[in-house]
2 protein chains.
Amino acid sequence: MVTQERTARARRGSLSQDRIVDAAMRLLDGEGESALTFSRLGHELRVTPTAIYRHFSSRDEIIAAIADHLDELSLEGYEPTDEWRADLTDLAVRAWETATGHPAAAAAAMFTVTSGIHELRAVDSVLRALHAAGLRDDVAVSYYRAFVSLFLGVSAAHAVRLSQQGRTLQTAEWTQVYRPTDPTRYPYAEAAKEQLRFTDPSEVYRMHIDMYLDSVAQAPRAGDDRV
Amino acid sequence: MVTQERTARARRGSLSQDRIVDAAMRLLDGEGESALTFSRLGHELRVTPTAIYRHFSSRDEIIAAIADHLDELSLEGYEPTDEWRADLTDLAVRAWETATGHPAAAAAAMFTVTSGIHELRAVDSVLRALHAAGLRDDVAVSYYRAFVSLFLGVSAAHAVRLSQQGRTLQTAEWTQVYRPTDPTRYPYAEAAKEQLRFTDPSEVYRMHIDMYLDSVAQAPRAGDDRV
DNA sequence: ACCTGAACACCGTTCAAGT
DNA sequence: ACCTGAACACCGTTCAAGT
């Protein structure tokens with residue numbers, strides 16, 4: 001029913017980095033990582049696939065732009081409060097929500113260091129909260145690194161799992177089901193079998209947040225006798 | 001100088017799942033994830049690329065076999081002691097060492113749930129250590145889940161970074177370098193700029209291990225008044 | 001039963017040609 | 001300056017044919 005579909009030539013300013021990233025996000029959210037091709041992008045944008053090369057010099061550059069876009073999404077509306085625990089929790093939860101809200105995009109891009117402005121804002125926000133918690137200098141930097149590797153690592157890993165779930169029909173949810181030939185050799189796994197089947201990953205994430213906050217609370221501070 | 005290279009037909013039993021996985025590991029370790037193709041595998045094994053389909057029905061199945069192989073590598077020589085802290089540290093460090101020793105393989109496969117025997121052994125080993133620490137039932141299972149998502153997530157994220165490093169010529173090591181247009185808007189990041197450049201990722205991993213062990217030490221136990 | 005080789009539908013990327 | 005379309009070298013995967 002679509003009439004002049006492949007007829008008209010796309011007008012001059014029809015393409016832009018933003019429009020391409022939007023289309024990429026649409027494809028990733030809708031059909032997963034394998035849908036992110038020049039062909040599909042071109043179709044989505046009603047443009048010849050190679051036209052995209054005018055705005056991105058490679059597929060990897062598109063993914064870097066997606067990473068920047070995810071950084072922006074994550075921080076949207078974030079405002080620091082006067083409570084460092086609340087701020088760090090907020091920032092950690094934002095990473096998780098971005099990963100679960102856009103799993104394929106996060107799986108493809110979340111490991112990419114963009115060195116973009118939004119990433120810088122995130123760095124500054126975490127450091128600010130750690131400063132408010134009383135951490136200084138190398139202690140603050142170490143805890144910043146721990147924050148990033150913990151919450152980005154776990155969130156990204158979760159995103160990968162979620163986006164793989166689409167391709168391979170997993171048995172059920174998150175559950176690993178083991179069928180050992182000789183269960184007595186793995187008594188602890190055998191005993192925990194039932195409980196292992198049902199765990200909410202976001203509850204585990206909550207544990208990580210609590211662990212991290214407790215650790216920050218106990219970190220050495222200026223004037224401490226601990227080194 | 002290699003004489004009869006493409007001449008002879010490969011003899012009957014020349015191929016096997018193990019030989020294919022070995023060749024895949026060689027390619028991944030040597031040249032990164034993009035080297036893992038049927039074409040390269042065939043060349044490495046002196047066999048027609050499609051011959052591999054007799055032993056694996058798809059590329060994803062090869063990656064699953066690599067995941068199983070990594071599980072095996074990780075646990076090689078592991079023996080539980082009577083000290084749960086040492087055991088959990090050992091298991092966590094093994095995940096890290098597998099990731100850093102085989103970054104491309106880990107990046108490709110570490111997120112895959114194999115449900116294989118080695119994975120089951122790992123599950124049992126972690127649960128056993130947590131049992132020795134005094135954790136029971138859902139508390140033990142929760143801490144098992146936290147262990148896996150933390151150390152596998154962080155290790156796999158590190159592997160992805162290491163294996164990307166090969167493709168994109170990063171500025172230097174692990175360092176993110178930000179050039180904000182207006183540094184005063186990001187005072188904490190600006191102040192930490194120098195320290196941010198040099199952080200040993202394995203030191204950060206050590207922090208995660210300590211955080212986790214501390215948390216296990218404080219977890220509720222049977223007979224506790226805490227719930 | 002296992003390996004070969006042609007074929008298929010798809011990739012990302014290049015480049016000269018159109019407007 | 002930006003979009004098009006043909007072309008290139010490569011993918012994973014299939015399938016009939018050899019041994």
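Please read these numbers as outputs of a predicted model, since none were measured by experiment.
- Between B/Thr50 and B/Arg12, it is B/Thr50 whose nearest contact on DNA chain D lies nearer the 5' terminus.
- Using a 4.0 Å cutoff to heavy atoms of chain B, the contacted part of DNA chain C runs 5' to 3' from C/dA1 to C/dA6.
- Ion pairing between a basic and an acidic side chain is recognised when a charged N comes within 4.0 Å of a carboxylate O; B/Glu203 and A/Arg145 show no such pairing.
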For residues 21-30 of chain A, which side-chain N or O atoms pair as donor and acceptor with protein atoms under 3.5 Å away, sequence neighbours left out?
from	atom 1	to	atom 2	distance (Å)
A/Arg26	NE	A/Glu44	OE2	3.3
A/Asp29	OD1	A/His102	ND1	3.1
A/Asp29	OD2	A/His102	ND1	2.8

Which atom pairs, one a donor and one an acceptor, fall under 3.5 Å between side chains of residues 66-80 of chain B and the rest of the protein, sequence neighbours left out?
from	atom 1	to	atom 2	distance (Å)
B/Asp71	OD2	B/Thr114	OG1	3.4
B/Ser74	OG	B/Leu70	O	2.9
B/Ser74	OG	B/Thr98	OG1	2.6

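- A/Val113 is listed as a side-chain neighbour of B/Arg161, based on a closest heavy-atom distance under 4.5 Å.
- B/Ser16 and B/His55 get closest at one heavy-atom pair: CA-CD2, 3.9 Å.
- Across all their heavy atoms, A/Val141 and B/Ala192 have their closest contact at CG2-CB, 4.0 Å.
- We find that A/Arg128 and A/Asp124 are not joined by a salt bridge, their nearest charged nitrogen and carboxylate oxygen being 4.0 Å or further apart.
- Nucleotides of DNA chain C nearest to B/Ala10 and A/Ser58 differ in position, and the one nearer the 5' end is that of B/Ala10.
- Looking at heavy-atom distances under 4.0 Å, B/Arg54 makes contact with a base.
- Between B/Trp96 and B/Pro201, some side-chain heavy-atom pair lies under the 4.5 Å cut-off.
- Legend: residues meeting side chain to side chain donor-acceptor pair (under 3.5 Å) with B/Asp90, ordered by chain and number and at least two apart, are B/Arg94.
- Counting non-hydrogen atoms under 4.0 angstrom, B/Ala51 reaches a base of the nucleic acid.
- Taking 4.5 Å as the limit, every side-chain heavy atom of A/Phe147 sits out of range of all side-chain heavy atoms of A/Leu130.
- Of the residues in residues 13-41 of chain B, those placing a heavy atom less than 4.0 Å from an atom of DNA chain D are B/Leu36, B/Thr37, B/Phe38, B/Ser39, in numerical order.
- Counting only Watson-Crick and G-U wobble pairs whose two distances sit under 3.5 Å, DNA chain C takes part in these stems of three or more pairs: C:4-8 with D:12-16, C:12-16 with D:4-8.
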